[in-house]
Amino acid sequence: MGFPLRGEQRLGHREAPADGAAVDAVWHVLEAANELGDEAAVAACRRVIDSSLNGAVADQADVKLVTDYFR
């Protein structure tokens with residue numbers, strides 16, 4: 001998935017927001033986490049989505065939780 005991570009950010013460089021397919025995947029994880037009552041995953045998904053909408057960089061731990069959710 002193409003989420004920008006904080007560890008990759010350089011001074012004076014703003015990362016591009018996540019691509020549409022990656023954000024769609026986060027929404028799928030959010031839906032599953034809601035159905036399962038997984039509050040930690042729901043919160044992580046919301047932070048990743050908010051970061052994407054604001055053009056900010058998503059936290060690496062949140063991205064890892066989201067990308068590994070169905071594994």
Side-chain angles (χ1 to χ4, degrees):
M1 291 186 165
F3 298 109
L5 303 175
R6 282 192 177 130
E8 298 172 355
Q9 192 173 22
R10 296 182 300 264
L11 284 175
H13 178 74
R14 185 176 179 135
E15 296 289 336
D19 63 47
V23 173
D24 285 345
V26 177
W27 282 100
H28 289 294
V29 172
L30 176 61
E31 183 178 340
N34 268 323
E35 290 177 9
L36 295 171
D38 187 344
E39 294 179 24
V42 168
C45 289
R46 289 183 176 159
R47 288 189 297 269
V48 171
I49 291 167
D50 287 344
S51 294
S52 175
L53 291 174
N54 294 322
V57 178
D59 184 69
Q60 186 175 5
D62 289 340
V63 172
K64 181 159 177 46
L65 188 149
V66 170
T67 57
D68 292 347
Y69 196 75
F70 293 115
R71 292 181 190 198

Only pairs at least two apart or in different chains count here, so list each salt bridge (charged side-chain N to carboxylate O under 4.0 Å, His left out) that has a residue in residues 42-56.
-> R47-D62
For V57 against S51, the heavy-atom pair lying closest together | O-OG, 3.8 Å
What side-chain donor-acceptor pairs closer than 3.5 Å can you find for residues 33-43, not counting sequence neighbours?
residue, atom, partner, partner atom, Å
N34, ND2, L30, O, 3.4
D38, OD1, A41, N, 3.2
D38, OD2, Y69, OH, 3.1

